[in-house]
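Here's the structure, in structure tokens; my notes come after.
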Amino acid sequence: MNKITFIAVVAGKDDIDRFLELTLYSILKNFNNTDIEEFLIITREQDIDYFQNELNKNNYNKDNNNQIKIINEKKVFNK
């Protein structure tokens with residue numbers, strides 16, 4: 001079976017909090033972890049530390065074998 005990659009674009013504390021509490025939680029609860037290749041999270045540079053701290057605080061990376069990768073939006077989008 002092919003594995004799936006999830007991509008999310010989030011920005012700001014409120015958006016990050018909702019993503020973690022609703023979207024990421026639901027995906028992890030409803031998908032078999034072995035079917036997930038990775039999570040690519042695209043966010044603003046100023047939000048990276050907050051996002052990483054929240055992931056660590058909620059043990060998301062621990063439970064998912066570091067599948068969650070936070071990417072600076074500047075590396076993806078040309079403005």
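Remark: L20 CG to K57 NZ distance equals 9.5 Å, nearest 0.5 Å. Taking CD1 from I70 and CD1 from I16, the interatomic distance works out to 8.0 Å, rounded to the nearest 0.5 Å. Atom CD of E54 and atom CG of D47 lie 11.5 Å apart (nearest 0.5 Å). To the nearest 0.5 angstrom, I41 atom CD1 is 7.5 Å from L55 atom CG. Here the CG atom belonging to L40 is positioned 6.5 Å from the NZ atom belonging to K69, to the nearest 0.5 angstrom. Atom-to-atom distance recorded for F51:CZ and F19:CZ is 5.0 Å, nearest 0.5 angstrom.
With sequence neighbours left out, D15 forms a salt bridge (charged side-chain N to carboxylate O under 4.0 Å, His left out) with no residue at all. Applying the side chain to side chain donor-acceptor pair (under 3.5 Å) test to D14 and every residue at least two apart in sequence or in another chain returns nothing.
A salt bridge does not link E21 to R18: none of the charged side-chain nitrogens sits closer than 4.0 Å to a carboxylate oxygen.
No donor-acceptor contact under 3.5 angstrom links the side chains of N30 and Y25, judged on distance only.
Taking all atoms of both residues into account, the shortest heavy-atom contact from T34 to K3 is O-CE, 3.1 Å.
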What do the steps show when you test I71 against T43 for side chain to side chain contact (heavy atoms under 4.5 Å, CB included), and what is the final call? CA-CA 6 Å; I71 301 168; T43 194; over 6 Å; no
With side chain to side chain contact (heavy atoms under 4.5 Å, CB included) as the test, would you mind laying out the steps for E45 and E73 before giving the verdict? CA-CA 7 Å; E45 186 171 4; E73 69 180 4; over 6 Å; no
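Proximity of I7 to F39: side-chain heavy atoms (C-beta onward) are nowhere separated by under 4.5 Å. In this structure, the side chains of I42 and F77 come closer than 4.5 Å at one or more pairs of heavy atoms.
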